[in-house]
Enquirer: 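The structure's right below; bear with me while I get my questions together.
Every chain is numbered from 1, with letters handed out A, B, ... down the list of sequences.
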Amino acid sequence: AQSVTQLGSHVSVSEGALVLLRCNYSSSVPPYLFWYVQYPNQGLQLLLKYTSAATLVKGINGFEAEFKKSETSFHLTKPSAHMSDAAEYFCAVDNTGKLIFGQGTTLQVKP
Amino acid sequence: DTEVTQTPKHLVMGMTNKKSLKCEQHMGHRAMYWYKQKAKKPPELMFVYSYEKLSINESVPSRFSPECPNSSLLNLHLHALQPEDSALYLCASSQVRSTRGDKLQFFGPGTRLTVL
């Protein structure tokens with residue numbers, strides 16, 4: 001069975017600070033992993049995806065994530081937070097054709 | 001065109017009403033999905049259509065009735081809903097339905113449903 005755990009339901013950073021959102025997965029086979037962002041009252045937008053081509057994945061808006069098999073992790077980072085990054089972030093795993101989402105992390109960016 | 005559109009954006013309905021949600025994509029995708037998302041929660045899969053045929057029904061109550069009239073359109077018919085059905089309903093599509101997870105899902109903006 002596949003599952004995703006996002007550590008920290010709420011993360012607060014100052015503008016310009018490093019953003020780190022944690023995601024750990026459980027999968028019996030090599031997984032496909034995704035990070036989605038959801039702005040208030042909007043749908044989900046794909047930030048980046050891991051499909052085994054490279055362990056460091058670069059996404060949109062300056063975000064990147066590193067796949068670490070030994071730690072079963074796929075943490076999302078951004079070197080410098082911007083006010084517009086404030087949103088809900090979902091990590092997801094899929095190796096059966098069904099997206100399984102984590103519980104989400106709310107990112108707050110303080111001026 | 002890499003967009004999934006959903007109408008209406010907002011919907012308020014009574015428990016005795018019948019209404020429909022509409023989803024459309026013109027990317028040539030042959031798999032389409034309905035998700036339900038409650039506030040502060042992740043999306044939950046409801047239905048999957050593959051080549052216009054219902055492929056997955058995640059034990060959704062019969063008051064929700066999906067329909068896929070053609071490869072570009074997906075409807076969700078609503079009847080006799082309960083207040084607890086109030087949520088954001090998201091539509092998504094992918095190139096085809098994969099059992100390996102290698103087909104990216106594109107999401108629409110959602111319909112915010114309120115049941116009074």
Side-chain angles (χ1 to χ4, degrees), chain A residues 1-11 21 23 25-53 57 59-60 67 74 86-108, chain B residues 2-11 21 23-25 29-51 55-59 87-114:
Chain A
Q2 52 184 3
S3 66
V4 171
T5 301
Q6 291 183 240
L7 298 173
S9 60
H10 190 272
V11 170
L21 304 183
C23 172
Y25 70 91
S26 171
S27 176
S28 56
V29 298
Y32 292 89
L33 294 162
F34 308 85
W35 275 100
Y36 284 90
V37 61
Q38 186 174 33
Y39 298 101
N41 299 311
Q42 293 190 27
L44 274 69
Q45 180 182 6
L46 180 71
L47 279 176
L48 49 83
K49 62 179 180 180
Y50 168 74
T51 58
S52 78
V57 182
I60 63 171
F67 173 74
F74 190 57
E88 189 79 13
Y89 291 80
F90 292 100
C91 182
V93 63
D94 185 358
N95 59 20
T96 63
K98 290 170 65 172
L99 270 172
I100 303 298
F101 291 93
Q103 289 300 303
T105 298
T106 303
L107 177 64
Q108 179 187 24
Chain B
T2 59
E3 196 178 6
V4 176
T5 59
Q6 291 187 243
T7 55
K9 199 171 175 63
H10 300 277
L11 179 63
L21 310 184
C23 172
E24 196 165 3
Q25 57 85 17
H29 289 175
R30 303 309 298 272
M32 298 186 76
Y33 311 75
W34 279 117
Y35 289 84
K36 173 182 178 180
Q37 186 180 24
K38 301 284 278 184
K40 302 295 184 186
K41 294 291 186 184
E44 296 176 348
L45 183 65
M46 300 174 72
F47 303 103
V48 181
Y49 273 82
S50 178
Y51 290 90
S55 177
I56 295 177
N57 177 342
E58 292 287 338
S59 303
L88 181 68
Y89 288 84
L90 294 164
C91 174
S93 71
S94 64
Q95 189 178 16
V96 292
R97 182 181 167 240
S98 166
T99 57
R100 293 197 305 125
D102 58 331
K103 298 304 180 189
L104 185 59
Q105 292 186 30
F106 293 81
F107 283 82
T111 293
R112 176 75 60 189
L113 174 67
T114 302

Enquirer: Tell me, which pairs form a salt bridge (Lys or Arg N to Asp or Glu O under 4.0 Å) where one or both residues lie in residues 86-106 of chain A, sequence neighbours left out?
Expert: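 Applying salt bridge (Lys or Arg N to Asp or Glu O under 4.0 Å) to every pair that reaches into residues 86-106 of chain A, excluding sequence neighbours, yields A:Lys98-B:Glu58.
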
Enquirer: For the atom pair CZ (B:Phe106) and CG (A:Leu46), what is the distance rounded to the nearest 0.5 Å?
Expert: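 Result: 7.5 Å between the selected atoms.
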
Enquirer: Side chain, backbone, both or neither: which part of A:Gln38 has a heavy atom under 4.5 Å from chain B?
Expert: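 The answer is the side chain of A:Gln38.
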
Enquirer: Please report the closest heavy-atom contact between B:Pro42 and A:Phe90, naming both atoms and the distance.
Expert: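 Heavy atoms only, the tightest pair is CA-CE2, 3.5 Å.
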
Enquirer: To the nearest 0.5 Å, how far apart are CG in B:Leu104 and OH in A:Tyr32?
Expert: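 Going from the CG atom of B:Leu104 to the OH atom of A:Tyr32 covers 12.0 Å.
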
Enquirer: Measuring from atom CG of B:Leu88 to atom CD of A:Gln42, what distance do you get when rounded to the nearest 0.5 angstrom?
Expert: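 Spacing of CG (B:Leu88) from CD (A:Gln42) equals 10.5 Å.
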
Enquirer: Which region of B:Gln37, side chain (C-beta onward) or backbone (N, CA, C, O), has a non-hydrogen atom less than 4.5 Å from a non-hydrogen atom of chain A, or is it both or neither?
Expert: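 Answer is side chain: those atoms of B:Gln37 sit under 4.5 Å from chain A.
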
Enquirer: Select one option (side chain, backbone, both, neither) describing which atoms of A:Thr96 are under 4.5 Å from chain B's heavy atoms.
Expert: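 Contact with chain B involves both backbone and side-chain atoms of A:Thr96.
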
Enquirer: Under a 4.5 Å cutoff for heavy-atom pairs, which residue among B:Ser98, B:Pro109, B:Pro43 has the most contacts with chain A?
Expert: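 Among B:Ser98, B:Pro109, B:Pro43, the one with the most close pairs to chain A is B:Pro43.
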
Enquirer: With chain B as the partner, which of A:Ser9, A:Gly104, A:Gly102 has the greatest number of non-hydrogen pairs under 4.5 Å?
Expert: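 The candidate making the most pairs under 4.5 Å is A:Gly102.
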
Enquirer: Indicate yes or no: at least one non-hydrogen side-chain atom of A:Leu99 is less than 4.5 angstrom from one of B:Tyr35.
Expert: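 Counting from C-beta outward, A:Leu99 and B:Tyr35 do come under 4.5 Å.
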
Enquirer: Does B:Lys38, at its NZ atom, have more than 12 non-hydrogen atoms belonging to other residues, nucleotides or ligands within less than 6.0 Å?
Expert: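 Enclosed: over 12 neighbouring heavy atoms sit under 6.0 Å from NZ of B:Lys38.
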
Enquirer: Are B:His10 and A:Asn41 close enough that some pair of their side-chain heavy atoms sits under 4.5 Å apart?
Expert: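 No, side chains not in contact.
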
Enquirer: With the side chain counted from C-beta on, respond yes when A:Tyr36 and B:Gln105 share a heavy-atom pair under 4.5 Å apart, and no when they do not.
Expert: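 Contact flag for A:Tyr36/B:Gln105 side chains = yes.
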
Enquirer: Measuring heavy-atom distances to chain B, does A:Gln103 have an atom under 4.5 Å in its side chain, in its backbone, in both, or in neither?
Expert: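 It is both, since atoms from each part get that close.
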
